[in-house]
There are 2 protein chains.
Amino acid sequence: MNRTASIKDVATHASVAVGTVSNVLNYPDRVSERTKERVLRAIDELGFVRNDAARQLRIGHSRTIGLIVLDVGNPFFTSVVRSAEDAAALQGSAVLLGDSGHDAGREANYIDLFQEQRVQGLLISPVGDVTDRLDLLRERGVPTVLVDRLADESKFSSVAVDDDAGGYLAAKHLLDTGRRRLAFVGGPASIRQVADRLEGARRAVKEEPDATLEVLDSDGQTVLAGRGVGDMLVQRGRAELPDGIFCANDLLALGVMQSLTMTHTFRIPEDVALIGYDDIDFAASAVVPLSSIRQPTELLGRTAIELLSEEVESQNPVHRAVVFTPELVVRQSTAAAG
Amino acid sequence: MNRTASIKDVATHASVAVGTVSNVLNYPDRVSERTKERVLRAIDELGFVRNDAARQLRIGHSRTIGLIVLDVGNPFFTSVVRSAEDAAALQGSAVLLGDSGHDAGREANYIDLFQEQRVQGLLISPVGDVTDRLDLLRERGVPTVLVDRLADESKFSSVAVDDDAGGYLAAKHLLDTGRRRLAFVGGPASIRQVADRLEGARRAVKEEPDATLEVLDSDGQTVLAGRGVGDMLVQRGRAELPDGIFCANDLLALGVMQSLTMTHTFRIPEDVALIGYDDIDFAASAVVPLSSIRQPTELLGRTAIELLSEEVESQNPVHRAVVFTPELVVRQSTAAAG
DNA sequence: GCGATTTTTTGAATCGTTTCATTGTTACGA
DNA sequence: TCGTAACAATGAAACGATTCAAAAAATCGC
């Protein structure tokens, strides 16, 4: 009975042709003031809302961009998502968000869905090796930008953060404040991010002849894993203790901090300096505010959208791999030793 | 040049009629094994992907559900979103996610967008008073379910968690473990959630003649605000100190915990018990694992989708307001006093 | 007031599906 | 072999927007 009004209904109601209504919607200055007013009133009276499916069908493509992330709960991605949405909104597109949860199956589902929706393009932080799948997409005319993952530059554009540089930054900061016996705490070395951060730290330590770097393997990347490492350190004699600890992420660092401060055997930063990675909200409000490495997540999201737009617009696009440099955030946990 | 293949192309390539291809896609057993095979091969060879816009146009509605939350970064909503997505996927729908960020303008934009997309229905955690706006939607045939907000049951279905019950649960637990001088720490009383939790706590305290409840106003709901309250408490003499503290959320509680444990003047739970609300990930891995009240977020998301489906399916639906009861999670921070 | 020019308006064609009445085919019992 | 029922395949119409060539109306200069 109360089917939603179509453009035709509006046309009838305003005694005008359908083309005119369409013009009012899309090229307002092609139509005279008088009729525009009449049409707008009709739209209002009928509560007309444009049917995007019909528009899409005619236009040939949608005004949406697909975005698939590994975990929306992860603050890193949450921030990327938000900035991507904002950047997309600015250029009149909307973002369809998919959370793969590190699951290749869900990822594939979203890719299918987005393809059926004829998204303008795809932003993806892939689970595993999906280059084959993405190659297909590319051939079918769906441009894709990889997020937080480097890509074959002859095929895709990508945005990422330089983890090696971040690792260097963290270790260098510890060295600059006078620490010499450093330790790196990090989860399985198989994770690229972890490996790169360690590599960067190694590079910084090599620059100081008298500095050493010890690697402490953690069982995962959680607060609990950090506490495990911390407890182990507390067992050691004071002489054996590193005087600067760099953790592969903030959760680990917070765990280490808990262990060290709880027992009150060691003080941060006097006895040992501590720095994390990611600069999550909790870092600033830790018992001892935690120094950290901040990744430019807003920039990541925005740039990803921009790269995608480039690809959408040009016929044979030049792919670009944009790598951002993270930023050092100094707080109390690495204040100068005295 | 390499426009994506349409159903017509597939039909030609497989030497069948377009209707047959459609049948293969939608009613596979209406078509013989032989032709089905031919059509499927053609689909594969041409890399055909169904155009959802055209399908939608014909069908009259989409297979998507709009979901607008106040803040995707908030673990509460993150969890609701995820479970809603899962529940929707199970019934063959996809979720379009919008983050209003507590901004009425962005909220309105998303409502417009979703309406143009002809979503099957809308799940929304509204910013302010949008009942007028939602009324309009309802009249236009877009069923809506309110999330985390009670609604006029004659108009909308809704899912929410009983904050009063949660407050009662927390206070009762403190009382049950022998505490008598309770304190409630909470942000502006204008926030309904905060007010309700306090009300519930009051109810529990009234049941114990010799118990008292002090209300400590916090400046917001952050770790820092909690630390402010904690510092203030530390200043007091031991006799003046409450022996059980209930914080309106976990962040506040963690802040309070930092203050109390850092100075080492008071011990948790021996001198004072502490309980939070929300059971965020950090609660379990705090210095002293934090007792908390867990909200059944997965259930919320799932139920919201179910209520929406009911409305979509029936012509003149009965609206239901589903209220869930939160759950007590006991950890070390409220262990019996001794 | 007239022709030329510019501005507005018109409406049929189109996009790619699904639907469904119709036609074509096959199988089977008599 | 024929009639009938069951099953398969067909293809035109419809969904609601945009486009664009063509028609209509308004404006202008003289």
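All of these numbers come straight from a predicted model, not from anything done at the bench. Sequence lines set the chain letters: A, B, ... in the order given, protein chains first and strands last, and positions in each chain run from 1.
- Here the side chain of Arg58(B) is nearest to one of dC15(D), dA12(D), dT18(D), namely dC15(D).
- Qualifying ring-ring contact (aromatic ring centres under 6.0 Å, His included) partners for Tyr110(A), counting only residues two or more places apart in sequence or in other chains: Phe114(A).
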Would you list the protein and nucleotides 5-9 of chain D atom pairs, both N or O, that sit under 3.5 Å from each other?
from, atom 1, to, atom 2, distance (Å)
dA9(D), OP1, Ser32(B), OG, 3.0
dA9(D), OP1, Thr35(B), OG1, 2.9
dA9(D), OP2, Ser32(B), N, 3.0
dA9(D), OP2, Thr35(B), OG1, 3.2

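- Among the nucleotides dT18(D), dT18(C), dG16(D), the one closest to any side-chain atom of Arg55(A) is dT18(D).
- Atom CG of Leu57(B) is separated from atom C1' of dT18(C) by 10 Å (rounded to the nearest Å).
- Whole-Å rounding puts the Gln117(B) CD to dG16(D) P distance at 16 Å.
- For the pair Gly19(B) and Val49(A), both in contact range of DNA chain D, the more 5′-proximal nearest nucleotide belongs to Gly19(B).
- Summarising the geometry, the separation between CG on Asp52(A) and C1' on dC15(D) is reported as 15 Å, rounded to the nearest angstrom.
- Between Asp112(A) and Arg133(A) there is a salt bridge, since at least one side-chain N of the basic residue sits less than 4.0 Å from a carboxylate O of the acidic one.
- Considering every non-hydrogen atom in both Leu97(A) and Glu85(B), the closest pair reads O-OE2, 3.9 Å.
- Here the P atom of nucleotide dG16(C) and the CG atom of Leu25(B) are 15 Å apart, to the nearest Å.
- Between Tyr27(A) and dT18(D) there is no side-chain N or O to OP1 or OP2 distance below 4.0 Å.
- Computed from coordinates, the Lys8(B) NZ to dT10(D) C1' distance equals 14 Å when rounded to whole Å.
- Asn51(A) has its CG atom 6 Å from the P atom of dA17(D), to the nearest Å.
- Of the candidates dT17(C), dT18(D), dG16(C), the closest approach to any side-chain atom of Ile7(B) belongs to dT17(C).
- In this entry the distance linking CD of Gln56(B) with P of dG16(C) reads 16 Å, nearest Å.
- DNA chain C is contacted by both Ala54(A) and Ile59(B); Ala54(A) maps to the nucleotide lying nearer its 5′ end (nearest heavy atom per residue).
- Listed for the Ser309(A) side chain is a donor-acceptor partner under 3.5 Å among the backbone atoms of Ile305(A).
- For Leu46(A) and dG16(D), the CG to P distance is 14 Å, given to the nearest whole Å.
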